[in-house]
Each structure stands twice: as C-alpha cells, then as structure tokens.
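One structure below.
Note that these values count all heavy atoms, side chains included, but never hydrogens, waters or copies made by symmetry. Everything numeric in this text was worked out from a predicted model, so none of it was measured.
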Amino acid sequence: MTLPTDKPRAVAAILRGGPRRRRVRPGVPLPLLVPALLGLAFLVVPLAALLVRTPWHSLPAQLTSPDVWQALRLSLICATLATGVSLVIGVPLAWLLARVDFRGRGLVRALVTLPLVLPPVVGGVALLMALGRNGIVGQWLDSWFGVTLPFTTAGVVIAEAFVAMPFLVISVEGTLRAADPRYEEAAATLGASRLTAFRRVTLPLIAPGIAAGAVLAWARALGEFGATITFAGNFPGRTQTMPLAVYLALQSDPEAAIALSLVLLAVSVAVLAGLRDRWMRAG
C-alpha cells in the first residue's frame, strides 16, 4: 500500500486508525438551562443576601463582644472534642464495616448512617432517653458514678459527636475499601499482628481519608443545633454554641446574628475549599 506523501495529516490519521473526529460540544437545551439557573439562584441568593446585609462597619466590634467570643470559643472547643471522640471510636468502626464480613453488616451500616437523615431534634430526644438522668444508661451513670450529662458542656460534645461521627465513618470506610488489602496481608505473612498491621500499614494508607472525614465531622459538629439544644440546652458560657447564639441573637440583636452566621459561612467555605482537591481526584 502506497501512502501519499503530500498529505501528512491523512497519513497520521491512517496510522491512528482512522480520520480524526471533531469533538462536538452539545448545546444546553433551554428546558434544562432554565431550571438549572433557578436551582443555582435558589442556593446562592440567600448566601449572597447574608453578605450584602452584613454590617461590615460594626463587624469587628460584634465579633469581639464577650457573648459572641464566648459562644465562638465554646463551639471551637466542643467541635474539636467531638471530632476527637469520633476519631477514637469511628475509625475502628469504619475498619470493622470495611474489612470484616459478618452477618447483619448491612443493618449495622444503616444504623451508623441513620443520624445523617434523622432530624437532629429526634437525635437529641434519643440521647435524653439513653443518657438522661432517667435514661436507660444515664440512670446508672448517675447512681453509680454521679455523672450527669444533659445540660452540660460534656452533653454538647456528645450531641455533636452523635451527629458528626457518621461523616467520618463513611469517609474512612470508603478509603479502606479503595485501599489494597494485600499490603495488610503481606504484613501478616511477615509476622505482624492484626493490630500492628493496622497501626503500621493501614493507618498510613488511609490517612488522607481520615483527615477528610475528620474535617467534615468537625464542620458538622460546629454547625450542630437541634440535638445540642434538645440534649444540652442553651446556657450561655456552658452549652450555648454558635448556632444557638445565632438563634438567640436573631430575636434581640440581628447584627450579632449576622456576624455569627458569617463566621459559620466562612468555616464552611474553608472546609469545602480544603476538600476540593480530594473530591476532584475521587471524581
């Protein structure tokens, strides 16, 4: 077969197996474009309105006021402690769901993810029934150890961990399923115990997933409202976190409510920006 020498593009096309196909970008149908833009506006306009109505001139004074700073400090401490609790008990739970095949694993996974769809107020009521002074577990804590959890700062941490831990478990379980288990098997053949293999091999492999899940759990704990106000109450300096302070300030000091809302918005944007690269790689 003789190839024409005066047509290099044709030759290249033949060598590639055929003529080059032009990439056609399909147009956006109008029936889809209109609702898409409406959906975007529905999500963006309220956030833009918050920025527009922010009292920028008095924002520094609002953020440095004792009440706002007290709520902010308590929120940061409780969210961090709740994330720590989620890491301690959530990572082993995610490993159990990802690596151990047992009867009823699907049911256990459904129960673990239930707080994601459960109304937070219902979660707070459930915590009261379990850990309240007359709860099925709380009554023994009170009578044996004198520990009372509702309406305390510890109750805030527990309520936030209850609603935030599923985010960590889902993230870590997905990372474990994506990790190659042969590394753990190789460590076991070299004499490492299951715990040693988990600590020296598995944890370094899934560290990015743990970090992403911890950030999501922390952000969710920081914004928790329903379970916190139901189980821990709304006492300034003890259980009043930022979302509760926003709710209370909206009735008497709207500018303070906007300032606190702006802080929560900034935290959410920072979390999304920090996890963007991970989501893009996953995609």
Checklist line | Atom CZ of Phe102: over 12 foreign heavy atoms under 6.0 Å | finding: yes
Notebook entry, point to check: Hey, is CZ on Arg177 packed in by over 12 heavy atoms from elsewhere, all under 6.0 Å?
Noted result: yes
Next item on the list: Output, in order, the C-alpha distance, side-chain angles, deciding distance and verdict of side chain to side chain contact (heavy atoms under 4.5 Å, CB included) for Gln139 and Asn134.
Entry: CA-CA 5 Å; Gln139 59 180 337; Asn134 296 321; 5.6 Å; no
Closest non-hydrogen atom pair between [X] and [Y], with its separation:
{"X": "Ala82", "Y": "Ala161", "answer": "CB-N, 3.7 Å"}
{"X": "Ala217", "Y": "Thr83", "answer": "C-OG1, 4.1 Å"}
{"X": "Ala110", "Y": "Thr113", "answer": "O-OG1, 3.2 Å"}
{"X": "Val163", "Y": "Arg220", "answer": "O-CG, 3.9 Å"}
{"X": "Leu127", "Y": "Ile158", "answer": "CD2-CG2, 4.3 Å"}
{"X": "Leu244", "Y": "Thr228", "answer": "CD1-CG2, 4.0 Å"}

Would [X] and [Y] show up in the same hydrophobic cluster when neighbours are defined by side-chain heavy atoms closer than 4.5 Å?
{"X": "Leu107", "Y": "Val169", "result": "no"}
{"X": "Trp140", "Y": "Phe145", "result": "yes"}
{"X": "Ile170", "Y": "Val215", "result": "yes"}
{"X": "Val157", "Y": "Leu128", "result": "no"}
{"X": "Ile89", "Y": "Leu111", "result": "no"}

Between [X] and [Y], is any pair of side-chain heavy atoms under 4.5 Å apart?
{"X": "Leu216", "Y": "Leu168", "result": "no"}
{"X": "Ile210", "Y": "Thr175", "result": "no"}
{"X": "Phe198", "Y": "Val91", "result": "yes"}
{"X": "Leu176", "Y": "Arg99", "result": "yes"}
{"X": "Pro150", "Y": "Leu131", "result": "no"}
{"X": "Trp95", "Y": "Val100", "result": "yes"}
{"X": "Leu51", "Y": "Leu47", "result": "no"}
{"X": "Trp218", "Y": "Leu76", "result": "yes"}

Ignoring hydrogens and angles, tell me if any N or O in the side chain of [X] forms a donor-acceptor pair with the backbone of [Y] under 3.5 Å.
{"X": "Glu224", "Y": "Gly226", "answer": "yes"}
{"X": "Ser171", "Y": "Phe167", "answer": "no"}
{"X": "Thr230", "Y": "Ala227", "answer": "no"}
{"X": "Arg105", "Y": "Leu97", "answer": "yes"}

Quick check for you: to the nearest 0.5 Å, what is the distance between [X] atom [atom1] and [Y] atom [atom2]?
{"X": "Leu260", "Y": "Leu265", "atom1": "CG", "atom2": "CG", "result": "12.5 Å"}
{"X": "Leu93", "Y": "Ser86", "atom1": "CG", "atom2": "OG", "result": "10.5 Å"}
{"X": "Ile229", "Y": "Phe151", "atom1": "CD1", "atom2": "CZ", "result": "10.0 Å"}
{"X": "Leu43", "Y": "Leu38", "atom1": "CG", "atom2": "CG", "result": "11.0 Å"}
{"X": "Met165", "Y": "Leu87", "atom1": "CE", "atom2": "CG", "result": "10.5 Å"}

Next item on the list: Could you walk me through whether Val112 and Glu173 pass the side chain to side chain contact (heavy atoms under 4.5 Å, CB included) test, one step at a time?
Entry: CA-CA 12 Å; Val112 169; Glu173 183 188 359; over 6 Å; no
Check: After noting the C-alpha distance and the side-chain angles of Leu114 and Val117, does the key distance pass the side chain to side chain contact (heavy atoms under 4.5 Å, CB included) rule?
Finding: CA-CA 6 Å; Leu114 186 60; Val117 297; 4.1 Å; yes
Note to self: Can a side-chain donor-acceptor contact be found between Gln240 and Asn234 if the only test is distance below 3.5 angstrom?
What the structure shows: yes
Checklist line | Steps toward side chain to side chain contact (heavy atoms under 4.5 Å, CB included) verdict (Phe225, Val246) | finding: CA-CA 10 Å; Phe225 176 82; Val246 170; over 6 Å; no
